[in-house]
Amino acid sequence: KNGSSNIFKIDLKTSAILQITSGMYDKTDANISSDGKYLYYSQESQVGEGIEYDISKMNLENKKTEKIISLSGDQRYPFITEDGKYLYFVSDSDGVRDIYRYSDNGEIERITKIVGGNYGPRITKDGLKMAFASFENGQKHIYLMDFDKYSEDLGKSVIDNQTQKCIQNTIVYSGIRNDNLSSKSI
């Protein structure tokens, strides 16, 4: 509408359409918490001469919205876990789209580090596995990461809230070809 993207809800029984967000900046990549109380999404923000995407959270009862993740570059594809403790998202703050995890205490950890870029993380209800798309050698692949196999290596990539820079970084896996990852080309 008016050149910008917003988020809508469609009642599948009545086909009624309800607009959830509004405004001139694009809102995309919507994800609703398992209890149905919160909407997480990526929203455009003006940064100097350019545009970046940050992650926002909206209380669906009172429509109160807060920006919860604002790093350099784009933050996209938010996914809140079943228990609400973690929000997974993709950020290109270091120039490549990698998956990060934001915890309910405000800590941000890098989960992946590859050359090609990752997209659309989805976590199983039990929180033990993550499916995501990755771009490698001109093809998209879908991967399934088993967190149990990486628990001893997971480490933390901690983002300083003041400078928005990575102050500690542990790579979970450094090549997309890893025996503990399953892949299917699409």
Side-chain angles (χ1 to χ4, degrees), residues 28-34 38-43 45 52-57 66-137 139-186:
T28 187
D29 308 327
N31 187 253
I32 296 176
S33 61
S34 63
Y38 299 98
L39 173 70
Y40 297 86
Y41 59 93
S42 300
Q43 178 174 328
S45 298
E52 292 182 353
Y53 283 85
D54 297 315
I55 307 283
S56 292
K57 174 184 176 181
E66 62 179 313
K67 190 181 293 187
I68 58 172
I69 301 171
S70 180
L71 306 173
S72 63
D74 289 336
Q75 283 60 241
R76 303 285 306 265
Y77 312 108
F79 184 83
I80 190 74
T81 57
E82 184 79 11
D83 60 9
K85 289 184 179 181
Y86 299 106
L87 178 76
Y88 288 81
F89 65 97
V90 173
S91 176
D92 66 358
S93 62
D94 70 351
V96 177
R97 291 179 184 228
D98 276 309
I99 298 171
Y100 291 77
R101 178 172 65 192
Y102 172 82
S103 66
D104 58 4
N105 68 6
E107 187 174 86
I108 296 175
E109 302 173 71
R110 173 182 263 154
I111 302 299
T112 64
K113 176 131 179 97
I114 68 158
V115 176
N118 296 310
Y119 305 87
R122 294 295 180 257
I123 311 304
T124 56
K125 285 186 178 190
D126 61 12
L128 298 177
K129 295 181 181 182
M130 175 177 67
F132 60 97
S134 190
F135 194 74
E136 178 191 23
N137 296 325
Q139 294 182 329
K140 287 185 179 177
H141 298 267
I142 295 178
Y143 289 89
L144 182 63
M145 177 187 279
D146 186 334
F147 287 129
D148 278 348
K149 292 181 182 174
Y150 293 95
S151 61
E152 67 275 1
D153 298 328
L154 194 54
K156 295 181 179 176
S157 175
V158 179
I159 307 294
D160 183 297
N161 287 332
Q162 299 292 332
T163 65
Q164 301 300 317
K165 303 245 186 251
C166 182
I167 57 177
Q168 177 186 349
N169 186 26
T170 300
I171 299 171
V172 176
Y173 64 95
S174 58
I176 207 67
R177 296 285 181 223
N178 187 311
D179 293 337
N180 292 324
L181 292 174
S182 305
S183 167
K184 299 241 184 220
S185 292
I186 56 171

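Side-chain contact of Ser45 with Glu52: a donor-acceptor pair under 3.5 Å is absent, judged by distance alone. In this structure, a donor-acceptor pair under 3.5 Å is present between the side chains of Tyr100 and Arg110.
Heavy-atom minimum distance, Asp54 versus Ile69: CB-O, 3.2 Å. When all heavy atoms of Ser72 and Ser93 are compared, the pair lying nearest together is O-CB, 3.0 Å. When all heavy atoms are compared, the tightest approach of Phe89 to Ile108 is CZ-CG2, 4.1 Å. Considering every non-hydrogen atom in both Ser33 and Ile80, the closest pair reads CA-CG2, 3.6 Å. Minimum interatomic distance between Leu71 and Ser91 (heavy atoms only, all atoms of both residues): CD1-OG, 4.1 Å.
Using cut-offs of 30° and 60° for the angle between ring planes, the Phe132 and Tyr143 rings count as parallel.
Within the 4.5 Å cutoff, side-chain heavy atoms of Tyr119 are placed close to those of Phe135. Residues Tyr41 and Thr28 form no side-chain contact, since every pair of their non-hydrogen atoms from C-beta on lies 4.5 Å or further apart. By the 4.5 Å heavy-atom criterion applied to side chains, Asp98 and Ile111 are not counted as neighbours. In this structure, the side chains of Ile55 and Gln43 stay at 4.5 Å or more apart for every pair of heavy atoms. At least one side-chain heavy atom of Thr112 sits under 4.5 Å from a side-chain heavy atom of Met130. Residues Leu87 and Phe79 form no side-chain contact, since every pair of their non-hydrogen atoms from C-beta on lies 4.5 Å or further apart.
Annotation: cation-pi geometry satisfied between Arg101 and Tyr86 (NZ/CZ under 6.0 angstrom from ring centroid, within 45° of ring axis). Geometrically, Lys57 engages Tyr38 in a cation-pi contact defined by less than 6.0 Å to the ring centre and at most 45° from the axis.
Taking CD from Gln75 and OG from Ser70, the interatomic distance works out to 6.5 Å, rounded to the nearest 0.5 Å. Between Tyr40 atom OH and Tyr88 atom OH the span is 14.0 Å, to the nearest 0.5 Å. Ile99 CD1 to Asn118 CG: the interatomic distance, rounded to the nearest 0.5 Å, is 4.5 Å. Atom CD of Glu66 is separated from atom OG of Ser56 by 8.5 Å, given to the nearest 0.5 angstrom. For the atom pair Arg122 CZ and Asn31 CG, the distance stands at 5.5 Å (nearest 0.5 Å).
Put simply, the side chain of Thr124 gets close to the backbone of Lys129: a donor and an acceptor are under 3.5 Å apart.
Listed by first then second residue, pairs satisfying salt bridge (Lys or Arg N to Asp or Glu O under 4.0 Å) with a partner in residues 75-91 read Asp29-Arg76, not counting sequence neighbours.
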